[in-house]
Amino acid sequence: MRRLLLSRAAQAAVVIALVATLAFVLIHVAPGDPFSASLDDPSVTADIRATQRAQWGYDRPLPQQYVRWIANLARLELDALELGWSHTHARPVKEVLARRVPNTLLLMATALGLGLVAGVALGTWQAARQGSRSERASGALALLALSAPEFLVALGALGLFAVRWRLLPVSGMVDPVLHDGLSLAGRAADVLRHLLLPAGTLALLTTAAVSRFHRSAMLAVLPEEFVRTARAKGVTEVAVLVRHALRNALGPVITIAGLMLPALFGGAVFVEKIFGWPGMGLTMVNAVGGRDYPLVLASVLVGSVLVALGGAVAEVLAAVADPRVRGAA
Amino acid sequence: MRTSAFALAPVGSGPFRFVKWEPRQRLEIAAVESFYRGRPVLDRVIWSYAPEMSTLVQKLFAGEADFFDMVPPPSVPEAASHPDVRLLPRGNFDYSFLQLNLFDGPSERPHPLFADRALRRALAMGLDRRALVRSLFDTLGHVLAGPFVRAQWSADTSLAQLPFDRAAAARTLDSLGWRVGPDGVRTRGGRPLAFRLLYPASSTNRKNMSVLIQEQLRGLGVRVELDGADNNAFVARGRARQYDAYFGGLIATPSPSGIRQTWTSDAAKPGGFNTGRYLNTAFDAQVDSALNARDVASAKAYYRAAYRIINEDAPAIWLYEPPQVAGAHRRLRTGPLRADAWWLDIPAWSIVPGTRLSRDSAAAP
């Protein structure tokens with residue numbers, strides 16, 4: 001297990017370094033810079049923009065800018081870690097990330113958690129009722145959810161739950177008027193109310209994907225001899241499914257969950273935009289649009305680390321669930 | 001200045017004090033009890049941000065927000081029929097135009113098409129600007145009458161315009177030697193009458209109007225190739241003068257003197273806003289005279305003369321002033337909204353008695 005972890009950590013470090021370098025080059029060769037966004041304003045003259053560029057070092061050759069960026073990153077003490085200044089947020093990048101990353105983690109963890117639990121439950125249920133009318137109907141619904149563009153699902157949920165029935169708030173992460181005056185429990189409930197729609201939308205899509213994979217995995221496991229033996233011993237059907245078949249069928253689901261992390265990170269952009277959730281996806285898109293170089297690069301770094309971590313966790317969990325994987329590693 | 005601690009937590013002497021700013025989330029101000037002209041009626045005002053226009057409108061419709069300063073045109077009919085919302089049209093300083101590059105890209109060579117004043121005028125006359133604006137904004141938009149907006153004191157909407165007259169435009173092009181070919185596109189000496197129109201792909205209004213312009217000019221025998229670019233690329237290429245026609249948008253200054261930075265020869269220098277390089281000393285002289293005039297009446301006369309010259313020269317086709325319509329919940333009492341600062345009268349805004357919600361009583365931190 002230790003060797004597995006070390007090998008995955010080394011691979012992840014190389015991938016993160018490559019992704020960050022590629023992001024650095026691509027964002028700098030894209031047209032525009034952090035100060036070109038203000039060009040519709042006649043009061044910002046070319047001289048002012050040139051001064052601003054020089055002040056931030058964006059007029060220097062690209063390799064020199066890259067070396068400076070790496071040198072700043074290489075200060076390994078976390079307190080001294082220099083990620084730069086966010087031009088679009090008018091704050092240090094560290095501060096922006098400190099606010100946004102937890103929001104994304106909350107959204108992703110909730111969506112992934114709900115989606116995995118519901119998807120595994122649905123997949124197990126479908127496998128147990130293979131061929132029945134209800135299994136076919138639920139399979140068709142899952143396929144429909146999987147095929148529907150996520151922004152459509154999000155807009156539909158918003159229209160129904162927030163605008164028509166007014167059960168949940170339209171957007172944001174907290175009530176901007178009341179939140180600060182609430183008790184701790186009240187604040188948590190406030191965040192939960194705001195979380196339900198975006199997390200529910202993402203969870204619905206995750207559920208659909210996971211259920212299809214898990215159903216197939218369960219169908220492959222159920223005819224196995226150890227399941228037949230359990231049934232022959234008089235173990236109840238629920239126990240057969242949950243205690244014997246489920247664990248053996250979890251491998252693909254864990255792998256898929258790890259692979260879904262990048263998709264969820266990117267897919268969350270639409271959901272964050274529609275529900276106004278102040279997370280990393282939207283921050284990154286806005287930063288790219290505003291050519292906020294420091295924030296784009298820091299976001300890419302954080303995103304790569306999260307995705308690498310997600311992959312590593314998925315591998316470890318798969319190894320825990322299935323000793324054959326451990327052996328192979 | 002933007003990066004200073006003061007800019008992040010400003011202190012002023014107005015009717016409200018700064019409470020909190022979370023970039024791209026919210027901005028909060030609270031009433032100053034001891035303000036010398038009397039305490040504002042509202043206790044707190046909170047700007048709430050959402051990245052999606054449709055979401056912002058839904059906040060207003062759902063009663064989560066009391067005021068939205070910019071209801072997008074497609075949502076105006078729904079807002080107008082919403083029982084809790086009233087619409088408040090307001091002036092603004094934005095305007096959009098089709099800038100024609102008078103030179104061949106960034107070079108010093110005259111543009112093969114747009115250096116010709118008569119051709120530029122023919123193109124302007126070949127466009128039914130009223131229909132374009134109506135198609136895009138219904139009755140909410142206004143056709144631009146020159147390089148100025150109606151909210152500026154120098155505005156003169158009675159100014160003579162190049163009329164929409166497709167037959168006259170076609171005759172002019174014929175007389176210039178641009179003859180309609182078998183494919184419907186005019187040519188002269190083997191060169192088709194075709195140009196590329198650069199627009200920002202992120203702007204739905206400009207994208208849609210580009211398509212309409214392409215269609216209208218096609219009827220005149222002019223081929224327009226649409227060239228949508230991401231906003232940064234659009235701006236960079238505009239700045240570098242790498243375009244034939246550029247779908248520009250500007251925010252005019254409340255004072256008409258801003259025209260010096262946008263359309264005079266001074267503004268045609270590298271880095272200036274006059275990227276199409278319209279150069280006319282008579283126009284420059286009128287603008288200078290307007291800027292140095294000692295009274296409003298003479299300044300207005302000089303501006304009028306300047307506008308007339310630039311309209312006659314047609315270095316750009318003036319398209320529209322986008323509509324600005326605010327939406328307010330009926331429980332909110334507002335005054336008239338100023339074009340240059342709709343928020344200026346907020347201290348006098350109030351909630352209609354008997355319509356207060358529980359959230360109105362939440363105290364400022």
Side-chain angles (χ1 to χ4, degrees), chain A residues 30-33 36-43 45-50 52 85-92 95-96 99-100 151 154-155 158-159 162-164 166 169-182 270 272-278 282-283 285-286 288-291, chain B residues 2-3 7-8 20-26 28 44 46-52 54-56 58-65 94 202 229-240 248-253 258-262 267 269-273 357-360 362-365:
Chain A
D33 62 40
S36 56
S38 57
L39 290 182
D40 277 359
D41 184 352
S43 63
T45 65
D47 290 344
I48 295 174
R49 277 189 295 273
Q52 286 175 324
W85 180 267
S86 164
H87 303 287
T88 53
H89 286 253
R91 273 156 212 266
E95 207 177 306
V96 177
R99 285 166 185 262
R100 299 294 168 114
F151 66 88
L155 284 174
L158 186 133
V163 180
R164 187 178 286 257
R166 298 197 182 185
V170 173
S171 79
M173 191 176 165
V174 296
D175 185 316
V177 181
L178 299 176
H179 186 80
D180 289 346
L182 295 172
F270 288 107
E272 284 179 13
K273 187 165 187 190
I274 287 164
F275 294 110
W277 186 265
L282 197 55
T283 303
V285 168
N286 289 332
V288 170
R291 300 291 188 268
Chain B
R2 239 171 88 81
T3 61
L8 300 179
K20 184 188 265 189
W21 175 43
E22 293 169 32
R24 292 177 185 267
Q25 280 190 72
R26 69 167 168 167
E28 182 175 345
R44 290 199 289 165
I46 298 170
W47 273 260
S48 177
Y49 172 85
E52 178 63 36
S54 57
T55 308
L56 285 165
Q58 297 304 337
K59 278 171 92 85
L60 180 70
F61 292 167
E64 283 183 32
D94 300 0
S202 57
D230 130 271
N231 196 50
N232 284 280
F234 168 76
V235 169
R237 286 172 57 188
R239 282 279 153 185
L250 279 176
I251 304 167
T253 49
I259 198 169
R260 192 174 191 171
Q261 278 91 51
T262 46
K269 290 172 186 164
F273 277 86
L357 305 173
S358 58
R359 72 167 185 238
D360 296 336

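Letters A, B, ... are given to chains in the order of the sequence lines, protein chains preceding strands, and every chain is numbered from 1.
Note on A/A162, A/G276, A/P169: by heavy-atom pairs under 4.5 Å with chain B, the leading option is A/P169. Of all the listed residues (B/S48, B/P51, B/S54), the one sharing the greatest number of non-hydrogen pairs under 4.5 Å with chain A is B/P51. Residue with the most contacts toward chain B among A/G159, A/P92, A/G32: A/G32 (heavy-atom pairs, distance under 4.5 Å). The greatest number of non-hydrogen atom pairs below 4.5 Å with chain A, out of B/A233, B/A229, B/A65, is found for B/A233.
When heavy atoms are compared at a cutoff of 4.5 Å, B/T55 approaches chain A by way of both its backbone and its side chain. Looking at A/P278, the atoms closer than 4.5 Å to chain B (heavy atoms on both sides) all sit in the side chain, from C-beta outward. With a 4.5 Å cut-off on non-hydrogen atoms, B/D230 touches chain A through its side chain but not through its backbone. When heavy atoms are compared at a cutoff of 4.5 Å, B/R24 approaches chain A by way of both its backbone and its side chain. With a threshold of 4.5 angstrom between heavy atoms, A/R99 approaches chain B through side-chain atoms but not through N, CA, C or O. Residue B/E64 touches chain A through its side chain alone, counting heavy-atom pairs closer than 4.5 Å.
Of the possible donor and acceptor atoms, none in the side chain of A/R291 sits under 3.5 Å from a partner among the backbone N and O of B/N232.
To the nearest 0.5 Å, the span separating CD on B/Q58 from CZ on A/F275 amounts to 11.0 Å. The CD atom of B/E22 lies 12.0 Å from the NE2 atom of A/H89; values are rounded to the nearest 0.5 Å.
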Take B/W21 and A/R91, measure what side chain to side chain contact (heavy atoms under 4.5 Å, CB included) needs, and give me the verdict at the end.
CA-CA 11 Å; B/W21 175 43; A/R91 273 156 212 266; 3.7 Å; yes
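By the 4.5 Å heavy-atom criterion applied to side chains, A/P31 and B/R237 are not counted as neighbours.
Between A/D175 and B/R26 there is no salt bridge, since no side-chain nitrogen of the basic residue lies less than 4.0 Å from a carboxylate oxygen of the acidic one.
The heavy-atom pair separating A/P176 from B/I46 by the smallest distance is O-CD1, 3.4 Å.
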